[in-house]
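The structure appears right after this line, and notes come after that.
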Amino acid sequence: MSANLDKTYNHHDVERRWSSAHWESEGIYEAESRNVTDGGKKPYTVLMPPPNVTGSLTLGHVLNHTLQDIFIRYQRMSGREALWLPGTDHAGIATQTVVEKKLRAQGISRYDLGRKEFLDHVWQWREEYGGLILRQLRTLGISCDWRRNLFTMDQSASKAVRHTFIRLYRDGLIYRGKRIINWCPVSQTALSDEEVIMKSRKDKLVYVRYPLANREGEYITIATVRPETILADVAIAVNPDDPRYAGLIGEYAVVPVAGRHVPIIADDYVDRQFGTGALKITPAHDPNDFDVAARHNLPVLSVVGRDGKMTDEFGYAGMDRFDAREKIITDLDNRGNLVRVEDYEHNVGYSERADVVVEPYLSEQWFVRMEPLAEKALQAVNDGGVRFHPSHWINTYRHWMENIRDWCISRQLWWGHRIPAWYDQEGNIWVSESYEEACHLAGTDKLVQDEDVLDTWFSSWLWPLTTLGWEGGQEANDDLQAFYPTDTLVTGPDIIFFWVARMIMAGLYFRGDVPFRDVYFTSIIRDMKGRKLSKSLGNSPDPLKVMETYGTDALRFTIVYIAPLGQDVLFGEEKCEFGRNFATKIWNATRLVFIQREKVFGSMKSFEDAYRIFSPDQTLLSDAQRWILGRYHTVLAAYHKAFSQFRLNDITRLIYDFFRSDYCDWYLETLKIELACKEDEQEKRHAVMLAVSLLEGILQVLHPVMPFITEELWHHILERSEHESIARSDMPRSDEHWTGESVQDRFSPVMNVISEARSLRAVFGVPNDMKAGLVLGVPDKEKRDVFSANSQYVTEMTGCMLEVADGSLERPPHSASSVVDGNELFMPLEGLISFDKEIARLEKELGNVSSYVKKMEKKLANKGFTDNAPPDVVEGERAKLQEARNNLEKLQTNLSVLCE
RNA sequence: GGGUGAUUAGCUCAGUUGGUUAGAGCGCUACCUUGACAUGGUAGAGGUCAGAGGUUCGACUCCUCUAUCACCCACCA
């Protein structure tokens, strides 16, 4: 028999044997559109959130991709054409930064190289290092269709980007305009609002007085946190209803240092309560001021450049904006303009990537008009066309959609999709697919292409379409036809605006249908102290190391087990002991089953022949076997239900509890006894096959979570070729026959007696090697027969000879006693019994039961309860009371005997 | 300033439409290694379910308020 297992489980061997590379060559994970269109099988599609090419594997990826893999494997085993689309994202700023840094180490700047040569370097870098994250993900055992791997800068995806840009431009949804945008002085590019992180920051609120131009000795005082921008002031604004300043409106103030005369204007925007109620207006450096200035036809002056350094001619030029701030406070003080300085804590926008304070910056940028897109995308979610799990994220989504602002999509970078717009010498804009086409449209070949590239998310929002081969046209290819819309998107709630919402917009706009049906928002992983995982804190375990130490299956199982839907997760790598121990347990339990199989069947061949046609035979089933079949099918039903509710941590709990408690601790123990005691060969063979078939089912339901060990063990169930995979086997379904009301559970009472007897042994310290006696009084004839039929299990599992008597038995002398399911259980303990201990034990139990009885009596005496509660509930409570009274009576009798 | 989530055993968490004497894992205590497994087994200790009201015959579960923590959104300088 070749099928026996090594004594110890070695996850390295198993993971190597059933690696991603192995299955890629077998094509196990590939999906075909023709299987959908021809056969009519309902497909199931998952879209991988493309990791950044610069990325390396984090625990966030592990959780995210494990969940996706679980969904896809479950559906694949459920018979659907399951397609998981992988890919990577070019990640504009991140990648460009990495390559620039590398070049800088060699003393080269990107400007030395020029645009084209620099991009060659980036592509080369991507060739060398860009595949890392996908290789790492493969070690996780994820089952993507790798043939369809897409990079957001691939030709087809780039074509789609150009086409969608052109279409939105022609539809009037993309425009170019001079606006105040968020500027990152480090990356030196515009950012979208979403790329700005608000952080609390301690600053100074500086009160500055401006002399009035025409009133000698009079001043108006303003408060600002950015005194360095005073140099670009174009007005002072006050609230029109503010009596303090009513007389000053229309006057002029002199800007300190700059000496410029600026008007004092009235605008509702000004809050009378804040500061002095007078606000300096600096349109180039504050979006609100920009609006105010626009309303009052004021000029726009700028004193901070794209590198965050001062550009003015008042002696600050070239200074960093924060240094200039310090200096101007001193200068204002020297000139007698400084009134006072207060500590002030407020929220300031930081660049997501570079982590520096963003500069509101006036520049020409491209924008997407979002309102028309948002309207439909909001409706799709409100109508349930897209469902969120957990659903409370709808509130966040709705709020963003209802307050949406235009999306700044141009970036002053080189790495990315270049904006397909050309300018002629008059400055007219020609948006088109190519230079040639633009020339044709413009009627000249003197065109210059826009220097900027598009926001990375401008390609990401097309991901559901581009991964299926869409290039921006109206036509649909086979893949789109078959697999769009996709089914489940698994992603973090942190990119709900960046990505999820925009994909919904793009899907609806370009294809007229939502891009996915369900969105599963993953947990955020934190360390054991609840802090976010970060490189700088050093609290981020390396998943590859964790997999190496504990096993990939162990990591996958553990992380799903501890990650409930919609809750943060506290992770420490030692938690993986849990998953590792479980894997070991599975291995060992399987060994037991196989050892028994070998004993009974001798050769694998004779087992296989019988097993292939096996189904449980009613006439051969023991009570224990009926019980485990009932449990198995109950758990299966709950398992499938949990999947339909996206409760993946539930499925791990279900399997864990069932396997450990029911299958191993109880059922396998009964199996040993049955095989040891049964004479009949047919019964033995039947028992083994049942054990194997249950095990096979367990391996299958566990396979989506622990793909490696289940694959390995499944190949030992029968002799299967290495081309076959459990991933393509049929997921077991729950059979109501075994869970229905008519299937009587005769084994649980036996289990209860066993537990109680073990407890008595433990409490009284009965030595392990001492065979004790056990007497069970069962008044009910039918029940008595059940215990008699199963007495062997009790005897074997407790080390106590069980004697089943009727209800009229006498209490054996010197015995410990207990009541189990209304039946009296005695354990004669001549010489071992401590009367004090027994009395204490019985008294404690008596106390519990009598207070319970009182509680129940009170409940049932309450007319409100008996009248209002459903009859079956009342009936149930009556039965409980009856049983408790019965127990109480017996406990009292036993106690009184002892106390005599 | 708005919004969301959390608060259950020493620790980490389950508890699915209100009816269980409130569960698990880890940790702890006791006992148990001659064939599945000590990465294990058996038994046990340990909780006024954050607090206060309310709805109900009945609340860990529903409502209101409070406290603490976390996160998201927000153009008052």
Side-chain angles (χ1 to χ4, degrees), chain A residues 5 7-9 180 198 205 222-226 237 269-271 273-276 278-282 286-291 344 346-347 349 360 390 392-393 395-396 399-400 403 493-494 496-497 524 526 528 530 532 550 554 561-562 564 566-572 574-575 577-578 580-596 638 641-642 645 647 649-650 653 656-657 660-661 664-665 668-669 672 754-755 758-763 765-768 797-798 848-849 851-852 855-856 859 862-870 872-874 876-877 880 884:
Chain A
L5 301 175
K7 191 159 166 43
T8 53
Y9 165 55
I180 297 245
M198 298 306 278
L205 186 61
I222 58 92
T224 178
V225 288
R226 300 203 59 192
Y269 168 71
V270 182
D271 179 355
Q273 311 299 319
F274 190 91
T276 62
L279 172 66
K280 73 189 202 66
I281 298 300
T282 321
D286 185 289
N288 299 308
D289 291 11
F290 185 80
D291 293 342
Y344 184 59
H346 64 148
N347 290 327
H392 68 79
W393 287 108
N395 295 329
T396 306
H399 183 261
W400 190 69
N403 297 280
D494 50 328
I496 189 166
F497 307 137
I524 292 168
R526 300 170 177 285
M528 294 303 284
K532 255 188 174 168
Y550 295 94
Y561 188 89
I562 64 175
Q567 229 55 57
D568 287 358
V569 174
L570 306 190
F571 183 88
E574 62 283 355
K575 280 196 175 180
E577 285 176 15
F578 176 72
R580 180 201 59 188
N581 294 355
F582 186 49
T584 307
K585 186 78 178 171
I586 294 164
W587 185 270
N588 288 323
T590 306
R591 275 193 72 218
L592 169 69
V593 172
F594 288 173
I595 287 167
Q596 301 294 352
K641 188 176 172 209
Q645 296 177 147
R647 301 174 63 103
N649 70 316
D650 274 11
R653 293 195 132 81
Y656 183 87
D657 291 345
R660 265 198 118 101
S661 312
C664 292
D665 292 347
L668 285 185
E669 293 305 316
K672 288 182 195 167
I754 291 169
S755 294
R758 284 167 169 171
S759 179
L760 290 176
R761 281 193 78 120
V763 168
V766 180
N768 214 32
M797 291 169 82
T798 63
N848 287 345
V849 176
S851 65
Y852 181 63
K855 184 180 143 191
M856 295 301 276
K859 190 174 192 177
N862 183 349
K863 210 160 158 8
F865 173 69
T866 47
D867 289 354
N868 292 317
D872 57 317
V873 172
V874 178
E877 300 298 280
K880 280 189 216 162

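Proteins get letters first, then strands, A, B, ... in listed order; numbering begins at 1 in each.
Of the two residues contacting RNA chain B, namely A:Ile595 and A:Asp271, the nearest-nucleotide position lying further toward the 5' end is that of A:Ile595.
Candidate nucleotides B:rU16, B:rC73, B:rG19 were compared by shortest atom distance to the side chain of A:Phe497, and B:rC73 ranks first. Picking from B:rC75, B:rU16, B:rG40 the nucleotide with the shortest atom distance to the side chain of A:Asp650 gives B:rU16. Comparing atom distances between the A:Tyr269 side chain and each of B:rU12, B:rG19, B:rC75 picks out B:rC75 as nearest.
Using cut-offs of 30° and 60° for the angle between ring planes, the A:Phe497 and A:Trp400 rings count as parallel.
A distance of about 14 Å separates the C1' atoms of B:rU20 and B:rA14, rounded to the whole Å.
Residue A:Asn868 places at least one side-chain N or O under 4.0 Å from the OP1 or OP2 atom of B:rC57. One finds a side-chain N or O of A:Lys672 lying less than 4.0 angstrom from the OP1 or OP2 phosphate oxygen of B:rA36. Note on A:Ser755: every side-chain N or O is 4.0 Å or more away from OP1 and OP2 of B:rU42. Applying the 4.0 Å criterion to OP1 and OP2 of B:rC57, one finds that A:Lys859 has every side-chain N and O outside that range. An OP1 or OP2 oxygen of B:rC13 is reached within less than 4.0 angstrom by no side-chain nitrogen or oxygen of A:Lys575. The phosphate of B:rA77 (OP1 or OP2) has a side-chain N or O of A:Tyr344 nearer than 4.0 angstrom. Taking 4.0 angstrom as the limit, A:Lys7 places a side-chain polar atom (N or O) nearer than this to OP1 or OP2 of B:rC37. Considering only side-chain N and O atoms, A:Arg647 lies nowhere under 4.0 angstrom from the phosphate OP1 or OP2 of B:rA14. Applying the 4.0 Å criterion to OP1 and OP2 of B:rG40, one finds that A:Asn581 has a side-chain N or O inside that range. OP1 and OP2 of B:rA77 both lie 4.0 Å or more from every side-chain N or O belonging to A:Thr282.
Using a 4.0 Å heavy-atom cutoff across all strands shown, A:Asp867 reaches no nucleic acid atom at all. Residue A:Leu279 is in base contact, counting any heavy-atom pair closer than 4.0 Å across all strands shown. Heavy atoms of A:Tyr852 sit under 4.0 angstrom from at least one base atom. A:Arg580 comes within 4.0 angstrom of a nucleotide base, judged by non-hydrogen atoms across all strands.
Distance, A:Glu574 CD to B:rU39 P: 17 Å, rounded to whole Å.
Scanning atom types as modelled, one donor and one acceptor separated by under 3.5 angstrom connect the side chain of A:Glu669 and the base of B:rA36.
Taking 90° from 0 as the syn/anti boundary, the base of B:rU16 is oriented anti.
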